[in-house]
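In what follows, chains are A, B, ... by sequence order, proteins preceding strands, each numbered from 1.
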Amino acid sequence: MTYFLQQVVDGVSTGVIYALLGLAMVLIFRATGIINFAQGELATIAAFFAWQLNLWGLPIWLAIAATAVIGFGAGAAIERVVIRPVANKDHFTLIMVTLGLFMITNAVTGLVWGYTIQAFPDPFPVAAWTVHGVSLSLASVGTIVIVCVVGFLLYQLFHRTRLGLGMRAAISNPESARLSGIDVGRMQMIGWGLAAMVGTLAGALAAPKLFLEPNMMLGVLTYAFAAVIVGGLDSPLGAVVGGLAIGVTENLAGAYLYDFVGNDLKIAVPLALVFGILLVRPQGLFGRRAVARA
Amino acid sequence: MSLLEVTDLMAGYGPAKVLHGMTFAVDEGEIATILGANGAGKTTTLRAICGMVATSGGIRFDGRSVRGLAPARMARLGVAHVPQGRGTFAGLTVRENLLAGAYTRRDRAGVAADIDRISQWFPRLAERRDQPAGSLSGGEQQMLAVSRALLLRPRLLLLDEPSLGLAPLVTQSLFGTLTDIHNQMGTTMLIVEQNAGLALRIAHRAFVLEAGRIVRAGDAASVAADDSVRRAYLGLGDSR
């Protein structure tokens with residue numbers, strides 16, 4: 001039982017990273033209706049940036065915060081310069097553009113910082129507690145708390161503020177939003193900016209575990225994408241629940257099905273779960289099915 | 001002075017021109033209607049006023065030139081537009097739709113008072129306050145779209161085919177409410193409507209649009225009495 005709980009706890013602590021990157025993808029989907037395949041690479045380049053600032057002498061938390069702020073600007077700029085010119089094109093064009101962004105970001109990261117693996121300083125001091133035989137590290141608990149806080153703040157933003165209402169109206173019906181005096185373009189820029197900020201946090205929290213290198217977030221992106229799909233593309237809560245579910249399933253599969261699936265194939269188990277859930281609920285666990293009455 | 005003055009307006013979609021030099025004016029406090037066959041350019045006229053299509057010519061609102069301003073700017077100047085068909089935010093609740101309509105306003109108390117007033121005009125909306133707009137019936141959605149536009153506290157309300165797809169009784173009650181709204185708030189309205197009889201009954205002034213040009217203008221009663229208008233748009237024979 002202790003072993004099982006330990007596996008669940010470890011699964012949760014990787015799952016929150018998927019949840020965080022998933023949240024960033026949900027933000028962009030809600031702002032512009034696009035699935036951003038470059039989200040993981042943008043998080044990676046942000047992690048490198050924070051690492052560089054830290055190397056230059058900034059304390060790690062300050063480096064992460066500064067990167068998050070710069071990330072907001074960079075995300076907004078990407079929306080304006082890269083996404084907006086093709087915003088009215090079909091879905092395939094948009095997917096190709098975000099895939100292009102993925103490759104460019106990945107290449108630029110490699111060009112600037114190289115492909116040598118770097119150690120990212122752990123923002124949490126090394127400390128751990130043992131509760132009923134289960135070991136809880138400060139890093140795991142801290143990461144979970146941060147994800148909860150980010151999720152809570154985003155929910156408040158979308159459902160309790162005027163800006164959030166404007167952002168939701170802009171994605172629901174851009175034409176009527178404009179006719180109501182809402183600057184739809186600005187809402188989309190803010191959505192991308194917020195996503196980049198959340199992505200920065202995902203990169204910085206994942207980097208100490210994964211080691212810093214340009215392809216660091218490739219696997220995380222796959223899981224975050226699965227988390228978002230299973231949770232519902234437009235649901236921040238869904239991204240969190242989906243991320244946790246996938247993190248835990250992945251870890252349990254590695255622990256209990258090792259002889260059967262092995263370490264390389266454990267990736268298939270959560271994806272099979274996603275497939276099963278989508279068969280029953282195509283809109284995802286928390287996604288809103290588009291309601292329309294003729 | 002006229003609230004809205006349109007002079008020699010031309011507009012279209014790319015190379016396809018729809019409006020070929022329209023000139024008309026709407027006075028403050030009146031209800032005006034544009035009649036015309038399908039494809040005459042009624043919707044395009046409203047879209048041109050709001051900056052939703054490329055235009056040339058002159059559009060003056062409250063004495064200042066507004067041609068080429070973006071839709072969001074026009075909204076802030078006090079021009080509300082209920083587009084044809086789906087003018088609501090389907091994923092948002094009824095209440096959130098109304099608040100989104102008041103997005104440009106800072107007076108919370110005034111917004112709350114307006115929502116109360118609108119609930120009296122459209123009690124169905126008050127009952128469905130927390131339902132997503134997408135789950136409402138066609139008539140309720142149209143009422144919501146009108147309410148959303150009213151929450152802008154518009155000086156000019158543009159309505160594009162408000163009766164489209166509605167049952168005759170629902171249309172009757174909607175037009176009755178539009179008259180009530182006009183009587184109580186004095187909102188200037190420009191209504192584009194295929195149901196010419198209904199529009200002429202509540203309008204003070206009417207314009208007849210043919211192939212992108214105004215061919216007849218005047219007070220609603222005299223336009224309604226015009227034999228050619230009766231034949232073409234009211235489906236009636238000569239008045240004799």
Side-chain angles (χ1 to χ4, degrees), chain A residues 26-33 80 84 87-89 154-191 231-238 283-284 286-294, chain B residues 46-47 49-52 69-93 95-106 108 111 131-141 144-145 147-154 157-158 160 165:
Chain A
V26 167
L27 281 171
I28 283 184
F29 185 79
R30 289 182 74 138
T32 46
R80 190 78 220 230
R84 194 165 309 179
N88 295 323
K89 300 280 195 298
L154 287 177
Y155 185 87
Q156 295 295 316
L157 173 73
F158 276 116
H159 292 273
R160 298 273 181 275
T161 70
R162 178 171 172 271
L163 177 68
L165 180 69
M167 292 176 75
R168 288 165 62 217
I171 183 65
S172 173
N173 187 342
E175 186 182 272
S176 282
R178 286 190 191 95
L179 293 174
S180 301
I182 296 168
D183 187 339
V184 173
R186 192 201 286 171
M187 297 299 140
Q188 292 172 336
M189 276 175 79
I190 293 173
L233 263 171
D234 58 351
S235 165
L237 177 67
Q283 72 271 41
F286 298 91
R288 220 187 303 217
R289 189 193 284 269
V291 278
R293 240 168 90 166
Chain B
L46 296 192
R47 293 175 69 90
I49 294 168
C50 277
M52 295 165 80
L69 291 188
R73 288 282 310 278
M74 293 301 292
R76 282 184 210 126
L77 287 176
V79 179
H81 183 166
V82 180
Q84 201 177 101
R86 222 175 60 91
T88 56
F89 304 107
L92 274 55
T93 65
R95 195 181 152 70
E96 286 171 337
N97 266 271
L98 298 177
L99 291 175
Y103 190 79
T104 56
R105 291 171 58 181
R106 299 285 184 180
R108 280 168 170 248
V111 171
Q131 284 188 25
S135 70
L136 302 182
S137 73
E140 289 161 351
Q141 295 222 21
L144 182 57
S147 305
R148 172 191 62 67
L150 283 174
L151 269 159
L152 196 69
R153 277 259 175 111
L157 177 61
L158 308 176
D160 194 353

For the residue pair B:Thr104 and A:Ser180, what are the closest heavy atoms and their distance?
CG2-O, 3.6 Å
Determine the minimum heavy-atom distance between B:Tyr103 and A:Arg162, stating which atoms define it.
O-NH2, 2.5 Å
Neighbour count >12 (heavy atoms, 6.0 Å) for atom CZ, A:Arg186
no
Gap between atom OG1 of B:Thr93 and atom NE2 of A:His159 - 0.5 Å precision:
10.0 Å
Residues in side chain to side chain donor-acceptor pair (under 3.5 Å) with B:Ser147, at least two apart?
none
Determine whether more than 12 heavy atoms belonging to other residues, nucleotides or ligands lie under 6.0 Å from atom CZ of B:Arg73.
no
Measure across B:Pro71 and A:Leu179 and return the closest heavy-atom pair with its distance rounded to 0.1 Å.
CB-CD2, 4.3 Å
Which answer fits B:Leu99, side chain, backbone, both or neither, if we ask what part of it has an atom under 4.5 Å from a heavy atom of chain A?
both
Would you check if B:Leu92 and A:Asn173 make a side-chain contact, meaning some heavy-atom pair closer than 4.5 Å?
no
Check the pair A:Glu175, B:His81 against side-chain contact (heavy atoms from CB on, under 4.5 Å), reporting the backbone distance first and the verdict last.
CA-CA 10 Å; A:Glu175 186 182 272; B:His81 183 166; over 6 Å; no
For residues A:Arg178 and B:Met52, determine if any side-chain heavy atom of one lies less than 4.5 Å from a side-chain heavy atom of the other.
no
Reported OG-to-CG distance for the pair A:Ser176 and B:Leu144, which is rounded to 0.5 angstrom:
9.5 Å
Please report the shortest heavy-atom distance between A:Ser172 and B:Gly91, naming the atom on each side.
OG-N, 3.6 Å
Sequence neighbours excluded, which residues qualify as salt bridge (charged side-chain N to carboxylate O under 4.0 Å, His left out) partners of B:Arg153?
B:Asp114
Between B:Arg148 and chain A, which part of the residue has a heavy atom less than 4.5 Å away: side chain, backbone, both or neither?
side chain
Can you tell me if CZ on A:Arg80 sees more than 12 non-hydrogen neighbours from other groups inside 6.0 Å?
no
